[in-house]
Structures are given as C-alpha cells and as structure tokens.
Protein chains: 2
Amino acid sequence: MPKRALTPELIAATALELGDRDGDPAMSMRRIAAELGCDPMAIYRHFANREALLDAVADLALAGVAAPGPDLRWDQRLSELLTEVRGAALRHPGIAAHVAARPPLGANGRRLSAAITGALADAGLTPSGVVQSTQALIAYVAAALAMTVKAGARDERWHRVSAVLGAGMPVVGSEEQFAYGLRLMINGIRGEAAGGGQGSVHSPIRE
Amino acid sequence: MPKRALTPELIAATALELGDRDGDPAMSMRRIAAELGCDPMAIYRHFANREALLDAVADLALAGVAAPGPDLRWDQRLSELLTEVRGAALRHPGIAAHVAARPPLGANGRRLSAAITGALADAGLTPSGVVQSTQALIAYVAAALAMTVKAGARDERWHRVSAVLGAGMPVVGSEEQFAYGLRLMINGIRGEAAGGGQGSVHSPIRE
DNA sequence: ACCTGAACACCGTTCAAGT
DNA sequence: ACCTGAACACCGTTCAAGT
C-alpha cells in the first residue's frame with residue numbers, strides 16, 4: 001500500500017478510526033504513528049502536541065451533525081441538536097470522553113455552538129442569558145456524555161449509582177435520562193425567557 | 001520522623017495533600033509511595049488499583065460538606081448544597097477533575113446524594129423524577145466543575161470560548177456561570193413538579 | 001533545513017525472588 | 001505467608017545525530 005502524504009486531516013482521521021476500533025487507549029502518539037506507518041515524531045510536524053491532535057479528532061467526530069433548520073421552534077431545535085451531538089459522539093466511543101472534556105473550539109464545535117446561541121436568541125433571552133445558557137447546555141451535554149461513556153464498557157460503577165438511588169429506574173447514562181435532564185434545562189430556559197430576569201434565584205414562578 | 005502504619009485513610013489523605021500541593025500529575029502511585037516512604041506496591045495492599053485509590057481521595061475531598069438543614073426550602077437546600085460541593089472540590093484542585101469524573105459512591109458521595117434526593121422528594125417530584133433529576137443535577141455539577149478546573153490553571157482555551165460566544169460576558173467556569181445554570185435546572189425541576197408530567201418534552205408551560 | 005530515532009523521564013501493574 | 005523491588009510494557013516529548 002502506498003504511503004499517503006501526511007496531513008493533519010489524515011492523521012486525525014486515522015486516530016479516530018483507531019479509537020473506534022480499539023478504544024481510547026489506542027489513540028497514543030506511538031500507535032497512531034504505527035498505523036500511519038510513520039515515526040511518532042512526524043506527527044509533531046502537524047500538531048503541537050497530543051492535546052492539539054485530540055482537539056482535532058474530537059471536532060472531526062462532530063462533522064456529521066447538522067444544525068436543525070429554522071422551521072422548528074427554538075426548543076425543538078435545541079433538543080434535536082443536542083441529542084444529535086450526543087449520538088454522534090457515542091458513535092465514536094474512543095473519542096467521546098474527549099469530546100465531553102474539551103471546549104468546542106474546532107470548526108464543527110463553533111458551528112454547533114452558533115446554532116445553540118441562535119436558538120436561544122430566538123427564545124427571547126438577553127444577550128448575557130444566551131451566553132450563560134449556552135455554556136450551561138454545553139456543560140450538561142458534556143457531563144451526560146461522560147456519564148454514558150463511563151457507564152458503558154465494563155465500568156459497572158455508574159450502574160451501582162442507579163441501585164443506590166432507587167431500584168427499577170432508568171439506567172444512568174441512558175438516552176431517557178439524557179432527555180429528562182435536557183427537558184429540565186430547556187424548561188428552565190423557557191422560564192428565564194418568559195418571566196425571571198436577573199436576580200430570580202430564589203423567587204419561584206409560583207409558590 | 002517515625003513511619004506511621006499504612007492505612008487506607010493515611011494513603012488517601014497523603015494523596016490529597018500531594019495533589020493540593022503539586023497538582024494532579026503528582027498523584028501517581030510512585031510519588032504517593034515516595035511521600036509515604038513506602039514501596040509503591042505497598043499501596044496495592046489497601047487499594048485494588050489507582051482507580052480505587054482516587055475514588056477514596058475524591059470522596060475525602062467532600063468530607064467537609066454538610067447537608068443543609070431541613071428548615072430551608074427544597075430549592076434553597078439544593079442550590080446551597082451543590083454550591084458547597086463545587087466549592088469543596090475546588091479547594092482541592094488536584095482531585096477536582098476526578099470528583100467530577102466519577103460517580104458519588106463513597107461515604108460522602110452517598111450522603112450528599114441522599115440529601116439531593118431528599119430535597120427533590122420535598123419538591124413533589126415522582127419517584128422516577130427524583131432519581132432522574134438527581135442524576136441530571138449531579139451531571140451538571142460535575143460538568144461545571146470540570147469546566148472550572150480546565151478554565152483555571154494555564155489552560156486558556158476555555159477562556160477563548162467566552163471570546164467566541166460573546167464579549168464582556170461572565171467568564172466560563174465562574175461561580176456566576178455556575179449559579180446561572182443551576183438556577184435553570186432548579187427552575188426546570190420546579191416546572192416539572194408543578195405541572196409537567198411524563199411526556200411534556202415539547203409542551204411549554206406557557207406559549 | 002529537514003527529518004529520524006535514540007534516549008529521557010516517567011507511568012501502572014505483574015511477578016519472581018527473597019525473608 | 002508476607003513483602004519487596006526488579007522488570008514489563010508502555011507513555012509523551014526532547015534532542016542530538018544523521019542526511
């Protein structure tokens with residue numbers, strides 16, 4: 001097989017493939033290099049360090065996620081988009097934890113963040129509310145994703161949480177659980193947009 | 001200095017101290033052993049592996065957090081408790097990321113989880129809602145914590161997110177940002193308890 | 001000037017050898 | 001039976017030596 005010229009794109013795609021196939025410990029500089037048939041140091045020509053490479057791989061994992069069209073209501077757009085982000089990350093189990101752990105600064109991350117802020121602006125939040133809600137939603141998706149990843153594989157510890165909290169309940173990390181929490185956030189945002197202004201931390205909508 | 005007898009408690013306390021002082025890469029089996037003046041393998045007498053040790057250390061970091069008294073309203077109890085959990089974790093920067101990354105299965109974690117479920121039960125949620133909301137809240141706190149930890153140190157990448165999302169806004173990982181997201185969740189829970197039952201994902205309280 | 005790969009300074013964990 | 005520490009199989013990254 002002819003050795004293709006090394007590019008950032010090829011390196012990231014190879015790392016993603018390797019992670020999908022053999023799990024995230026397979027995404028070491030050495031093993032990625034071996035898969036590419038090059039010296040480990042050759043990768044450092046294209047990425048400053050492992051962190052930078054994983055940023056690119058994490059962003060690549062979100063490439064397939066499309067922002068929902070503007071014909072949907074803001075809350076539907078949000079829940080569809082974030083559910084798809086979660087799904088896309090889970091389709092790449094090797095990098096999912098990294099997607100959850102790092103800020104969405106890549107091309108796809110910025111594109112999807114912009115879609116979130118767009119939906120929130122349509123919800124009628126203040127500019128400050130838009131930014132803060134975006135960050136809160138990203139935080140929630142990241143955490144739910146991290147939980148799902150940990151609950152998967154053979155790490156049964158998160159399953160024990162379900163046992164501790166209550167029997168017969170939706171399993172930690174399930175899509176059901178994700179949707180529930182997302183609904184809480186969106187309902188909270190709706191309340192914020194409708195009534196509550198700045199200092200409503202302890203003032204309920206109705207007592 | 002006389003070498004104290006090795007116990008799980010002493011090992012965990014030493015690891016926590018080491019993490020506080022020199023950051024989380026200092027919490028390696030080898031360096032903890034060096035600090036204790038023992039062979040690295042001696043730790044494996046008391047913990048199955050590094051994961052198990054970090055579980056204990058993460059739980060220890062939450063030892064000082066007290067569950068708020070029952071004289072407060074459920075929503076105040078929640079926001080006080082979760083704010084204190086975040087604060088306690090941040091006081092131990094070495095282990096904060098691990099607190100965020102693992103399920104609250106230690107003694108303190110279970111104690112605090114129970115306090116959350118107690119508050120949510122008082123809010124009037126269904127048993128299933130209590131469990132799912134608990135998990136969603138834990139997810140949110142974990143993620144906000146992880147963001148704050150990453151935003152600190154010299155990882156300026158999360159700060160760039162603020163720049164991307166909008167200028168002059170509360171910084172990612174700030175207490176302000178944390179409180180805002182927490183308010184969203186609590187308001188969402190209030191809505192869930194008051195009106196919305198099972199399938200209200202797309203049915204707003206008011207249109 | 002560019003690239004390679006040996007070497008450095010680490011890891012977590014296994015396991016054989018010592019007491 | 002218990003404990004020690006050498007050894008295994010790795011890391012990410014630096015840097016000197018080669019072309």
Side-chain angles (χ1 to χ4, degrees), chain A residues 2-12 14-58 93-95 97-98 101-102 149-150 153-157, chain B residues 2-12 14-58 93-95 97-98 101-102 149-150 153-157:
Chain A
K3 216 191 295 183
R4 271 198 283 167
L6 224 49
T7 61
E9 290 75 25
L10 178 63
I11 295 168
T14 302
L16 184 59
E17 220 179 278
L18 206 47
D20 289 350
R21 197 198 317 144
D22 297 333
D24 78 298
M27 291 189 298
S28 73
M29 301 303 265
R30 287 166 137 100
R31 289 180 67 171
I32 295 164
E35 187 80 5
L36 286 163
C38 73
D39 189 275
M41 287 317 298
I43 297 174
Y44 286 86
R45 301 239 122 244
H46 300 94
F47 294 98
N49 49 35
R50 185 166 182 262
E51 191 84 349
L53 169 54
L54 291 182
D55 283 349
V57 178
I95 198 69
H98 294 284
R102 67 197 68 243
V149 171
K150 290 242 170 190
R154 76 287 150 209
D155 185 350
E156 39 111 35
R157 294 181 310 143
Chain B
K3 217 190 298 183
R4 272 200 282 168
L6 224 49
T7 61
E9 290 76 23
L10 177 63
I11 295 168
T14 302
L16 184 58
E17 221 179 277
L18 208 46
D20 289 350
R21 196 198 318 144
D22 297 333
D24 78 297
M27 291 189 298
S28 73
M29 300 304 264
R30 287 165 135 101
R31 289 180 67 171
I32 295 164
E35 186 80 5
L36 287 162
C38 72
D39 190 275
M41 288 317 298
I43 297 175
Y44 287 85
R45 302 238 120 245
H46 299 95
F47 295 98
N49 50 33
R50 184 167 183 262
E51 191 84 349
L53 169 54
L54 291 183
D55 283 349
V57 178
I95 198 68
H98 294 284
R102 66 197 68 243
V149 171
K150 291 242 171 190
R154 76 287 149 209
D155 185 348
E156 42 109 35
R157 293 181 311 144

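By convention in this document, chain letters (A, B, ...) are assigned in the order of the sequence lines, proteins followed by strands, and residues within each chain are numbered from 1.
- Nucleotides C:dA9 and D:dA9 have their P atoms positioned 23 Å apart, rounded to a whole Å.
- Put simply, the side chain of A:Arg102 reaches to within 4.5 Å of the side chain of A:His98, judged on heavy atoms.
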Evaluate the criterion side chain to side chain contact (heavy atoms under 4.5 Å, CB included) for residue pair B:Ile95 and B:Leu54; output intermediate values, then yes/no. CA-CA 8 Å; B:Ile95 198 68; B:Leu54 291 183; 4.0 Å; yes

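- Of the residues in residues 26-35 of chain B, those lying under 4.0 Å from DNA chain C by heavy-atom distance are B:Ser28, B:Met29, B:Arg30, B:Arg31.
- Straight-line distance from the CE atom of B:Met41 to the P atom of C:dT14: 7 Å, rounded to whole Å.
- Under a 4.0 Å N-O distance rule, the pair B:Glu35/B:Arg30 does not qualify as a salt bridge.
- A:Asp39 places its CG atom 13 Å from the C1' atom of C:dC2, with the value rounded to the nearest Å.
- With rounding to whole Å, A:Ile43 atom CD1 is found 13 Å from D:dC11 atom C1'.
- Put simply, CG on B:Leu36 and CG on B:Leu18 are 8.5 Å apart, with the number rounded to the nearest 0.5 Å.
- The CD1 atom of A:Ile32 sits 11.5 Å away from atom CD of A:Glu17, with the distance rounded to the nearest 0.5 Å.
- The interatomic distance linking A:Arg50 (CZ) with D:dC10 (P) rounds to 15 Å, in whole Å.
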Residue pair B:Ile11, B:Thr7: steps toward the side chain to side chain contact (heavy atoms under 4.5 Å, CB included) verdict: CA-CA 6 Å; B:Ile11 295 168; B:Thr7 61; over 6 Å; no

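- Scanning both residues, A:Arg31 and A:Pro25, for their nearest heavy atoms gives NH1-O, 4.2 Å.
- Formation of a donor-acceptor pair under 3.5 Å by the B:His46 side chain with backbone atoms of B:Leu6 is found in this model.
- For A:Tyr44 and D:dC11, the OH to C1' distance is 10 Å, given to the nearest whole Å.
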Taking Watson-Crick (N1-N3 plus N6-O4 or O6-N4) and G-U wobble (N1-O2, O6-N3), each under 3.5 Å, can you produce the dot-bracket string of DNA chain D? Use [ ] for crossing pairs and | for inter-strand ones. ||.|||||...|||||.||

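- Protein atom CZ of B:Arg45 is 13 Å distant from nucleotide atom P of D:dA1, rounded to whole Å.
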